[in-house]
Structures are given as structure tokens and as C-alpha cells.
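A quick note: this is a predicted structure, and the numbers were derived from the prediction, not measured. Keep in mind that the numbers below use all heavy atoms, side chains included, and drop hydrogens, waters and symmetry copies.
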Amino acid sequence: RSGMYTVTAPMTDVRDWYRREMSRHGWQHTELPRDRTLAMSEAARARSLVFTRGNNATMVLAFEHAEGSTSMMSLLAQ
């Protein structure tokens, strides 16, 4: 499953909301590994959140826009 949303909020607020709400629903925030090469820049890493719950994982990508809104795309792997 996936979805794309846009809200009027800065990216830091959106990231904090995801961390709080996903944890409240039983998801564990997981840091992306730094000990192996990922095709991901530090800027992309800063926009990414990964959560796991059981055998499921979801990645949330956040993109901040100049006009004060943030778009998020979520990808769920089961």
C-alpha cells in the first residue's frame, strides 16, 4: 500500500508527528543503516523515516515545499 499527502506544516513537525503516532500504534522507528552503502544521499536520508511492526515495514518520505507545506509519501511492505 502507498499514499501521498500534503499538509500545511514544516517538515520537522510532520516527522515528529509520524514518530509519535506510529509509535502509538505499535510501530517501531528504525534508523536506516549507515554501515553499508545505500544509494541515498544525506539529504534523502533526512527526508526518510522507516518503521517496522512484526513482518511489516513502512517508509515515509517527506518533502518540504517553499510555501510552508510538506508532502509525504508512504510505502508499506508486508
Side-chain angles (χ1 to χ4, degrees):
R1 296 179 193 182
S2 63
M4 183 102 178
Y5 311 93
T6 300
V7 297
T8 304
M11 185 167 64
T12 54
D13 290 355
V14 172
R15 288 172 53 88
D16 289 346
W17 184 88
Y18 268 97
R19 282 191 188 105
R20 183 178 60 251
E21 291 302 311
M22 294 296 279
S23 177
R24 194 168 72 87
H25 291 283
W27 291 84
Q28 180 179 7
H29 179 246
T30 304
E31 291 293 330
L32 291 168
R34 293 188 179 275
D35 62 342
R36 59 188 118 156
T37 304
L38 293 175
M40 183 178 277
S41 68
E42 284 302 313
R45 210 178 262 281
R47 293 189 300 266
S48 305
L49 292 168
V50 175
F51 300 93
T52 58
R53 183 174 67 183
N55 292 329
N56 298 319
T58 189
M59 176 180 249
V60 176
L61 303 172
F63 303 92
E64 193 163 38
H65 303 288
E67 65 273 4
S69 63
T70 301
S71 294
M72 298 79 57
M73 177 175 38
S74 63
L75 306 166
L76 176 63
Q78 296 179 314

### Task
Any chance you could measure Phe63, atom CZ, to Met72, atom CE, to the nearest 0.5 Å?
11.0 Å

### Query
From Arg53 CZ over to Thr30 OG1, what is the distance, rounded to the nearest 0.5 angstrom?
12.5 Å

### Task
Not counting sequence neighbours, which residues clear salt bridge (Lys or Arg N to Asp or Glu O under 4.0 Å) with Arg20? List them please.
none

### Query
Got a sec, which residues hit salt bridge (Lys or Arg N to Asp or Glu O under 4.0 Å) with Glu67, two or more places apart in sequence or on another chain?
none

Which donor-acceptor pairs under 3.5 Å do the side chains of residues 9-19 make with protein atoms, sequence neighbours left out?
unit_1 : atom_1 : unit_2 : atom_2 : d
Arg15  : NH1    : Ala46  : O      : 2.6
Arg15  : NH1    : Ser48  : O      : 3.4

### Task
Please identify each residue that fulfils side-chain hydrogen bond (donor to acceptor under 3.5 Å, both in side chains) with Thr6, with sequence neighbours left out.
Ser71

### Non-neighbouring partners of Phe51 that pass ring-ring contact (aromatic ring centres under 6.0 Å, His included), sequence neighbours left out
His29

Just list the side-chain donor-acceptor pairs under 3.5 Å for residues 54-62, sequence neighbours left out, or say none.
unit_1 : atom_1 : unit_2 : atom_2 : d
Thr58  : OG1    : Leu75  : O      : 2.9

